[in-house]
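Some notes on the structure that comes next.
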Amino acid sequence: MDENEAKRICDIIRQTGYDIQAYFGKGFLKEIYANALYKRLKKTGLNVGVKSLITVFDEDGTTVGEHIVDILVENAIIVLVFYTNTIEAKHMALLQGYLKASRLKHGMLINFGSDKYEVKKRIN
């Protein structure tokens, strides 16, 4: 996926999350927001998986297993959904670890639990 396409898709993900936050507000479980994000992104025509498996590689390129992520868009962008007061460094470290281990380049964190909509993007 080239950078322009990744940016376009990340913009769709960001706006879709914002629309969900505006509609639902605070107070639901993380899974409600993740399911809403999944269903709304599917409606845009994107290839979206929920509770998707990513392959985890060792540094020499051998497969060492699989890991489940909240949402995987176009088999290229990992989306982690949180419901917490704020996105913290440990959340960004988690996303960075997923990107490194899966050898994917783009990831996003979306937090539906703070007073204002929070989204962070990471490019590996």
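Just so it is clear, the values below take in all heavy atoms, side chains as well, and ignore hydrogens, waters and symmetry mates. Positions are given from 1 along the sequence.
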> Does Phe57 belong to the same Ile/Leu/Val/Met/Phe/Trp/Tyr cluster as Ile54, with side-chain heavy atoms less than 4.5 Å apart forming each link?
Replying inline: no
>> Tell me the closest heavy-atom pair linking Gln21 and Ser114, and the distance in Å.
In response: NE2-O, 3.9 Å
>> Taking ring-ring contact (aromatic ring centres under 6.0 Å, His included) as the definition, give me every residue that meets it alongside His106, ordered by chain and number, with sequence neighbours left out.
In response: none
> Would you say Leu99 and Lys105 make side-chain contact, with heavy atoms under 4.5 Å?
Replying inline: no
> Which residues pass the ring-ring contact (aromatic ring centres under 6.0 Å, His included) test with Tyr18, sequence neighbours left out?
Replying inline: Tyr117
> Quick one: are Asn111 and His91 in side-chain contact, heavy atoms under 4.5 Å?
Replying inline: no
>> Run Lys26 and Asp115 through side chain to side chain contact (heavy atoms under 4.5 Å, CB included) and show every step you take.
In response: CA-CA 8 Å; Lys26 289 174 54 174; Asp115 288 331; 3.1 Å; yes
>> With side chain to side chain contact (heavy atoms under 4.5 Å, CB included) as the criterion, how do Ile12 and Arg8 come out once you've worked through the C-alpha distance, each side chain's angles and the decisive distance to 0.1 Å?
In response: CA-CA 6 Å; Ile12 292 170; Arg8 182 187 75 79; 3.3 Å; yes
> Do Lys51 and Glu31 sit within salt-bridge range, that is, some charged N less than 4.0 Å from a carboxylate O?
Replying inline: no
> For Lys121, does the NZ atom sit with more than 12 other heavy atoms under 6.0 Å from it, leaving out its own atoms?
Replying inline: yes
> Mind checking whether Tyr98 and His67 have parallel, tilted or perpendicular rings, split at 30° and 60°?
Replying inline: tilted
> Do other residues, nucleotides or ligands put more than 12 heavy atoms under 6.0 Å from Asn85 CG?
Replying inline: no
> If you group Ile, Leu, Val, Met, Phe, Trp and Tyr by side-chain heavy-atom gaps below 4.5 Å, do Val48 and Ile68 land in one group?
Replying inline: no
> Side-chain heavy atoms under 4.5 angstrom apart, residues restricted to Ile, Leu, Val, Met, Phe, Trp, Tyr: same cluster for Ile78 and Phe82?
Replying inline: yes
> Can you tell me how far CD1 of Ile13 sits from CD of Glu74, rounded to the nearest 0.5 angstrom?
Replying inline: 9.0 Å
>> Using the rule given for salt bridge (Lys or Arg N to Asp or Glu O under 4.0 Å), can you reason through Asp11 versus Arg14, listing the C-alpha separation, both sets of side-chain angles and the distance that settles it, and then say yes or no?
In response: CA-CA 5 Å; Asp11 287 345; Arg14 182 180 295 111; 2.8 Å; yes
> Around Glu3, counting heavy atoms of other residues, nucleotides and ligands shown, do more than 12 lie under 6.0 Å from its CD?
Replying inline: yes
> Atom CD1 of Ile20 and atom CD1 of Ile32: how far apart are they, to the nearest 0.5 Å?
Replying inline: 11.0 Å
>> I need the Gln96 CD to Lys100 NZ distance, nearest 0.5 Å.
In response: 8.0 Å
>> Once rounded to the nearest 0.5 Å, what's the spacing between atom CE of Met108 and atom CD1 of Ile71?
In response: 10.5 Å
> Is Ile77 linked to Met92 within one hydrophobic cluster, defined over Ile, Leu, Val, Met, Phe, Trp and Tyr using a side-chain heavy-atom separation of less than 4.5 Å?
Replying inline: no
>> Can you see whether Gln15 engages Asp19 through a side-chain donor-acceptor pair at a distance of less than 3.5 angstrom?
In response: yes
>> Check this for me: Lys7, atom NZ, are more than 12 non-hydrogen atoms of other residues, nucleotides or ligands nearer than 6.0 Å?
In response: no
> So Leu95 and Lys120, side chain to side chain contact (heavy atoms under 4.5 Å, CB included) or not? Walk me through it.
Replying inline: CA-CA 10 Å; Leu95 179 59; Lys120 303 262 185 196; over 6 Å; no
>> Side-chain heavy atoms nearer than 4.5 Å, only ILVMFWY residues, links allowed to pass through others: does that put Leu41 and Tyr38 together?
In response: yes
>> Measuring from atom CD1 of Ile87 to atom OG1 of Thr84, what distance do you get when rounded to the nearest 0.5 angstrom?
In response: 9.0 Å
>> Using a 3.5 Å distance criterion without hydrogens, assess whether the side chain of Asp2 forms a donor-acceptor pair with backbone atoms of Asn4.
In response: yes
> Could you state the interatomic distance from OG (Ser52) to CG (Asn75), rounded to the nearest 0.5 Å?
Replying inline: 7.5 Å
>> So if I apply the ring-ring contact (aromatic ring centres under 6.0 Å, His included) rule between Phe112 and each of Tyr33, Tyr83, Phe28, which one comes out positive?
In response: Tyr33
>> The test is side chain to side chain contact (heavy atoms under 4.5 Å, CB included); show your working for Val79 and Asp70 and say whether it passes.
In response: CA-CA 6 Å; Val79 181; Asp70 294 331; 5.9 Å; no
